[in-house]
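Report on the following structure.
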Amino acid sequence: MKRIGIDVGGTNTDAVLIDGETIVASIKVPTTQDVLSGVKAALAHVAGHRDSVASPIDAVMIGTTHFTNAVVERARLERVAAIRIALPTGASLPPMCDWPEDLRAAVDPLIFMVHGGHEYDGSPLVPMVPDEIREAAMKIRDAGITSIAISATFSPLTTECEVKAAEIVRSVIPDARITLSHTLGRIGLLERENVALLNAALQSLGKTTVQAFSDALREAGVTAPFFLTQNDGTVALADVAATNPVHSFASGPTNSMRGAAWLTGLTDAMVVDVGGTTSDIGCLAGGFPREANNIVHVGGVRTLFRMPDLLPIALGGGTIIDPATSKIGPRSVGYRILTEALVFGGETLTTSDVAVAAGLIDMGDRDRVKGLDPAFVEASLARIRDMVADSFDQMKTSAEDVPLIAVGGGAFLIPETVPGASEVLRVENAGVANALGAAMAQVSGEVDQVFSGMSRDEALAKAEAEARNTAVASGADRASLKTLEVEDIPIAYLPGGARRVRVRVIGDIAFS
Amino acid sequence: MLQEFSEENIEPLATGAWILGTGGGGNPYISTLNLRRLYAEGRRVQVMDPMALEDDDMVAVVSNMGAPLVGQERLGDPVHLARAVEVMEDYLGKPFRAIMSVEIGGSNALSSFLAAAILDRPVVNADAMGRAYPEAQMTSFAIGNLPMFPLSLVDVRDNEVIVTRAASWTWMERISRKVCTEVGSTAATCKAPRTGREVKEWGIHYTVTKATELGRAVIEARARHDDPVQAVLDHEGGKQLFRGKVIDVARETTGGFLRGRTLIEGIDADKGSRVELAFQNEWAVAFRDGEPVAMTPDLLCLLDTVSGGAIGTESVRYGQRVTVVALPAPELLTTPAGIAAVGPRAFGYDIDFRSVFS
């Protein structure tokens, strides 16, 4: 089984070629502004080793933290419109009412609350008024906004209002990119609406990112199936993944945690994955990332969908330090680190420059940071230590000391000792842990639909069988399939004991 | 005796109320957001000692009625709670001195605060359950055999209903539940008005303080990395019953209630055993390997093993690591009259009540 795993971070693009459990080749290159040339460079390197393995590449798995970075940095997001179909309910809590001010400002939404929506039994709450939607759509069009999130009460049970509203919006704005809340989220209007709005704000970025990957693979002559890694550690076909960037939110940290487990042989530990722009702290339990039980905050926004339990910190190797105030982040030079950081000849002071000045790592031109005041360097490092210790402390669930594994290109920023950690582990190949985790990712199959005219057991069995078939069709080995989750919501008062059943299965990629 | 309820107390009240909700009462998040927004507008709520009520003071008893799941979609607006109180005042022709919540468990702990913030009246430091229950006849006022009418009910679509008279608490429940279900299984209600004397005699007192301090204990335990589940047990004098992983959840929404069961497989000391939690909005009975081991009116709480936060019957999910704990019920609920109203038979289980604390 030959797989290429690629992880595109804000700063570095990592790639590995693995044959079974053997790392045949690995490389870390800077992420480039166009994403493409960095991926190409990494691909060229690992693909160059494919002759050393007997058979062609079976699959390419790509993980990217681009989408999370955009939300955390409040950058590269596009302006969105929200249409909530719920009046006369919910007027005191409009869309985005619980978002952090700066993120809301970055998305600069146009918000509309209109009449309509559904009751829990699928009947109309009040009639939807097409003219209200049309009027909203015209205002959205006049504002030049093309990415729109539409939510309606009880849309996971009855999609009608959202679907009809989408048709009306499209008739006014033919090139509209519309995210319907029921396609992503679950019961819980605010959280589902939040996921839809984040997804809408990431549409352009999703499209350009996947297109860039696709181009790079084609040019490198790699024709194997191409997947994007997802929040739960599974993979999805890239074309599908492009329209739902939120499903890739946590793929980077998920992959790095799985990679860290594999590299250290530890199954229970904390993992900090330091990228160029952000870090994530998570918890390995039994070799897999601990799952968040419920609400997950993404960039300060409440969401409710499948995510690992992670705490992001705006700290990475490219994080900008203000020379006047010594404030660290949240902005980062990201992929421009090799031109903008002081040690690489640039003019921007970054955390990497401070690390070089302190002798934590040797890279670039050390002479260029000789002039930094040692007291300033020490104060900056102390702040970084505090940021790490704070987040570590927040994520810890027991007072006992636990090991901390530092991975990612910026792992040198993690201090030798962290309060509450029994040890700080650094491992060989830690820099490409993400890419390794991606390369080892499995295929999933999911079914999420309404079943009626059968018992609960029959509905669950039917859904599971279909999910397994979906996974197999996506390239999974049937014998390896395991059921990850089963969820069912009865739809009362509909005939035939209707229930919405959601089943997700996971398995290894089948050898062809 | 009035004391201002500070903004810093909102989060602890919500956390504590959600635990005392015993799986039901609705997650207080939406109410918390609404209350924060009202505080951000400069509104403030005073909390009143129930013993400071005059005998002939009139107290409004408010609640959002309905299925918790519906409240997550049809987001509550405080103006409707306030409207339910106004409708009742108009009907009575008398003003209310103060407002109290029918139940301290779950979202409704904050309902009195939302109405009070808009109407500028104090909130009484008491409720009528000391927890959450799904039905109107399951209150301390019903156990005290107090009048159960009139009741006002307000829907978002400008439907307002007053039930002027009912033959019994059960009839009031049946009629108002029917109306509530008809308008979508959620409505703002103002229950039968209470006199100061009735609240002093039959209210479950100081439960606003109890919920707030319980919530604070959990939040502080998390911050110290102490075991928050232990903090709940210590604060309430509770007992840990079972620790495990959720392996199945079955739900049915029938007659305006969320009914079903949750199956938990034991881990650690409970490995090899299973607990089934039966619920009707709230957790009602815990069966360990088929045997009933804990039941209402003892408070059955399902807590997240890590965070100590409550897990609701509408949000419990496969795979969650959970701890089942029992907390002592208010004394009134364990009297013969209390057990008749809220014991296991009131929920259709033919079991004699046996407290885990006796």
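Residue numbers begin at 1 in each chain, while the letters A, B, ... track the order of the sequences.
Most heavy-atom pairs under 4.5 Å with chain A, from the set G76(B), A250(B), P78(B): that is A250(B). Most heavy-atom pairs under 4.5 Å with chain A: of the set D227(B), D158(B), D248(B), V79(B), this distinction falls to D248(B). The greatest number of non-hydrogen atom pairs below 4.5 Å with chain B, out of R192(A), R302(A), E487(A), is found for R302(A).
By the 4.5 Å heavy-atom criterion applied to side chains, L189(A) and Q72(B) are not counted as neighbours. Contact of the E191(A) side chain with the Y29(B) side chain is registered, since non-hydrogen atoms from C-beta on lie closer than 4.5 Å. Using a 4.5 Å heavy-atom cutoff, the side chains of R37(B) and S92(A) are not in contact. With contacts defined as side-chain heavy-atom distances shorter than 4.5 Å, the pair L33(B)/L190(A) qualifies.
By the 6.0 Å contact criterion, CD on E182(B) is open, its count of non-hydrogen atoms from other residues, nucleotides or ligands being 12 or less.
Here the closest heavy-atom approach between residue P88(A) and residue R157(B) is recorded as CG-CG, 4.0 Å.
Rounded to the nearest 0.5 angstrom, T89(A) OG1 and E73(B) CD are separated by 9.0 Å. Taken to the nearest 0.5 Å, the CZ atom of R84(A) stands 5.5 Å off from the CG atom of L75(B). In this structure, the separation between SG on C97(A) and CG on N34(B) is 8.0 Å, given to the nearest 0.5 Å.
With a threshold of 4.5 angstrom between heavy atoms, V70(B) approaches chain A through its backbone and through its side chain. When heavy atoms are compared at a cutoff of 4.5 Å, L87(A) does not approach chain B at all. In this structure, the portions of I30(B) lying under 4.5 Å from any heavy atom of chain A include both its backbone and its side chain. Heavy atoms of A91(A) lying under 4.5 Å from chain B belong to its backbone as well as its side chain.
Judged by distance alone, with hydrogens and angles left aside, the side-chain atoms of R74(B) form no donor-acceptor pair with the main-chain N or O of L125(A) at under 3.5 Å.
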